[in-house]
Amino acid sequence: MQRSVPRRPLRFSTQTLLLQLSVVILVVLFSAAVHAWLTYDRVGSEAENQALTLARTVASDASVRADVLAISQQPGTPPAAELAAGPLMEAAEAARTRTGALFVVITDETGLRLAHPDPERLGEKVSTDPSEALAGREVTTRNTGTLGPSAGAKVPVYAPDGTTVVGEVSVGYSMETVGQSVARDIGPVALTAAGALLAGVLGSFLLRRRLTRLTLGLEPEEISTLVHDQVAVLQGVDDGVVGVSADGRITVFNAAAQRLLDLPDLAGSRWEDAPVPDQVKSLTRAGSNSPEALELVAGGRVLVANARKALHRREDLGWVVMLRDRTELQQLTRQLDAVGTMSTALRAQRHEFANQLHTIAGFMSIGQHQQAREYLARLAATGPLKFPVDQAELLQDPYLQAFVGAKGVEADERGVALRIGPETLVRGQVAETQDVTTVLGNLIDNAVNAAVAGSATDRWVELEVLDEPDDDGGTLHIVVADSGDGLAEGTDPEAIFAEGFSTASGPLARNGSGGQGFGLALARQLARRRGGDVRVLESGSPGGPGAVFVATLPGTTAGTAGRTNTGTAGKDTHA
């Protein structure tokens with residue numbers, strides 16, 4: 001059994017075209033019909049007026065009035081032969097022939113024909129009602145009589161005294177003549193209708209073509225599905241998506257982009273005028289030498305941006321800009337680096353403990369128990385092994401001790417001594433470890449790089465940390481100085497906080513963060529997002545001491561309320 005294949009529904013553009021053509025045809029036909037009817041009515045009204053004028057003329061003729069009165073006064077109606085040869089017949093036929101009327105009929109006061117184009121009808125009752133005219137009223141009519149359909153008029157005939165109605169005159173013009181007049185007028189109407197129909201059809205085809213181009217050949221169901229899918233995808237992903245049309249307007253600005261750039265929905269605004277970082281805009285500029293992807297700091301976040309050209313069947317649809325958040329990844333990387341550094345330090349301590357245990361084991365194996373006890377007593381007196389950081393005991397927070405100690409081990413491997421300044425005093429506990437790690441780690445790394453690149457033989461980095469109590473969370477003040485050569489001459493202290501700024505290729509290595517030029521920019525944005533700041537306290541000079549950086553991180557410590565502040569934050573320890 002052969003299965004029937006379901007018919008595929010017409011495309012939306014085809015349905016629209018057919019609907020438009022139907023509407024155009026109906027409108028044109030209706031307009032033509034209305035115009036034809038109005039023309040027919042107008043020509044008929046003109047025929048009625050012409051008939052009324054002729055009827056008045058005939059009825060007002062003195063001889064006609066006298067002849068009708070004379071016949072009316074006779075006891076009967078004259079024979080048809082006498083009427084056909086009479087003056088009334090002659091006058092009526094002369095008027096009919098002269099004007100081209102269908103008929104000119106004269107009757108007496110009873111409606112009997114005294115003049116008629118057909119002599120055989122003389123003396124008979126007229127086929128249409130003459131009562132209104134015989135009552136003294138003029139009327140226009142459209143009816144069908146013995147001579148066919150006509151448009152005419154009936155006018156009373158008065159006696160010579162002008163007061164008595166003695167008959168009536170009926171004049172009519174053939175409706176076939178009216179139809180011929182309409183047919184002559186309908187030609188231009190038909191041509192106009194045909195032109196309008198042709199213009200409508202052409203407009204419908206052009207509209208169909210434009211509709212197909214605007215919808216990219218998609219059906220409404222497909223467009224609806226695409227819109228739902230677009231909303232679901234754009235609002236469901238964590239990556240920021242910015243759509244820029246070919247004419248330079250933002251068409252898509254999803255919630256993730258608003259969150260990452262800390263901006264409202266910019267859909268509808270011009271791309272070049274939008275408050276978007278210029279680095280992102282440069283990705284979409286023609287002839288730009290920008291890389292396919294770039295990193296930038298915006299809203300306290302490290303973002304990776306890239307742009308792709310959007311094409312559909314060789315049609316330029318604009319650009320799609322993608323934004324990905326790498327802030328957490330960088331923070332985790334820094335924490336991992338810190339853990340790796342601390343692991344290295346712990347391995348070093350493990351090595352030292354192993355050496356001490358071997359020494360004790362040696363004393364025990366040779367029977368020198370007293371010397372073993374004395375050695376253990378000396379170890380107990382000196383306390384546990386410490387990181388190579390001077391005065392690390394001023395940092396009472398375990399996290400700061402471990403992190404700074406690990407940085408001290410790392411600096412020591414590079415020949416730089418990391419020490420704690422005498423103004424340091426931290427009694428609370430660090431509550432926001434990620435932000436503190438980012439800011440403190442960047443400042444220490446930059447200082448160590450500067451010390452290594454400096455010309456001083458005694459390489460050092462000095463750190464001062466002071467916590468300020470507050471009921472809503474204490475503020476951490478950080479001062480970092482180094483023995484480097486300071487900022488290059490003529491360098492604007494604010495310029496080093498710009499995104500992408502790096503002097504790693506020169507004698508200094510500020511804004512390191514892996515040599516990518518985002519460390520200090522990110523540190524400052526994180527601090528300012530918390531209501532604090534990172535700034536240059538002193539630019540330093542060649543030969544040292546180097547630059548001094550100060551950072552303020554509100555709300556990063558806990559458990560410090562009620563403590564008396566005895567330190568001085570932001571003091572230059574190398575003055």
### Query
Between the main-chain N or O of Asn442 and the side-chain N or O of Asn446, is there a donor-acceptor pair closer than 3.5 Å?
yes
CG (Leu476) and CG (Asp435) are apart, to the nearest 0.5 Å, by 11.0 Å
Correct closest heavy-atom pair for Glu462 and Ile420 would be CG-C, 4.5 Å
Distance col, row Leu487:CG vs Asp492:CG, nearest 0.5 angstrom, shows 9.5 Å
Does the structure place the NZ or CZ of Arg249 under 6.0 Å from the centre of the six-membered ring of Trp271, at an angle of no more than 45° from the ring's axis? no
For Leu425 and Arg427 the tightest heavy-atom approach is CD1-NE, 3.8 Å
Taken in chain and number order and not counting sequence neighbours, the residues that satisfy side chain to side chain donor-acceptor pair (under 3.5 Å) with Asp458 are none
d(Trp319 CH2, Arg285 CZ) to nearest 0.5 Å is 12.0 Å
Sequence neighbours excluded, the answer for side chain to side chain donor-acceptor pair (under 3.5 Å) partners of Asp273 is none
Correct closest heavy-atom pair for Ala246 and Asp316 would be CB-O, 3.6 Å
Value for OG1 (Thr475) from CG (Asp467), rounded to nearest 0.5 Å, stands at 9.5 Å
Do Leu261 and Pro277 have side-chain heavy atoms sitting under 4.5 Å apart? yes
With heavy-atom distances below 4.5 Å as the criterion, would you say the side chains of Arg524 and Glu494 are in contact?
yes
Mind checking whether Ile478 and Phe549 have side chains closer than 4.5 Å, heavy atoms only?
no
Hits for side chain to side chain donor-acceptor pair (under 3.5 Å) against Arg259, two or more places apart or cross-chain, chain-then-number order -> none
*Can you list the steps and then say if Val430 with Phe403 is a side-chain contact (heavy atoms from CB on, under 4.5 Å)?*
CA-CA 11 Å; Val430 174; Phe403 183 70; over 6 Å; no
Please examine the side chains of Arg535 and Leu537, heavy atoms only from C-beta on, and report whether any two atoms are closer than 4.5 Å.
-> yes
Nearest heavy-atom contact between Ala481 and Val548 is CB-CG2, 3.8 Å
Side chain to side chain contact (heavy atoms under 4.5 Å, CB included) filter on Arg324, not counting sequence neighbours, yields Asp239, Val304, Asn306, Met322
Next item on the list: Compute whether any side-chain donor of one residue and acceptor of the other, for Asp533 and Thr552, lie under 3.5 angstrom apart.
Entry: no
Taken in chain and number order and not counting sequence neighbours, the residues that satisfy side chain to side chain donor-acceptor pair (under 3.5 Å) with Gln258 are none
For Val416, the side chain to side chain contact (heavy atoms under 4.5 Å, CB included) test, sequence neighbours excluded, returns Ala411, Val448, Ala451, Val452, Arg459, Val461
So CD of Glu410 and NZ of Lys407: to nearest 0.5 Å the spacing works out to 4.5 Å
So, do Val426 and Leu400 sit near enough that their side-chain heavy atoms are less than 4.5 Å apart?
yes
**Prompt:** Do the non-hydrogen side-chain atoms of Thr556 and Val439 ever get within less than 4.5 Å of each other?
**Reply:** no
| Please walk me through it: do Asn449 and Arg414 pass side-chain contact (heavy atoms from CB on, under 4.5 Å)? | CA-CA 9 Å; Asn449 291 335; Arg414 301 182 63 184; 2.8 Å; yes
Q. Is any side-chain heavy atom of Ser269 closer than 4.5 Å to a side-chain heavy atom of Phe253?
A. no
Separation between CG (Asp265) and CG (Asn254), nearest 0.5 Å, reads 9.0 Å
Minimal heavy-atom distance between Leu263 and Pro275, with the atoms involved, is CD1-O, 3.3 Å
Shortest non-hydrogen pair, Ile250 vs Ala274, comes out as CD1-CB, 3.8 Å
Original post:
Under 3.5 Å, side chain of Arg530 to main-chain N/O of Leu553, donor-acceptor pair present?
Top reply: no
- Query: Do Leu463 and Thr424 come within less than 4.5 Å of each other through their side chains, counting heavy atoms only?
  - Reply: no
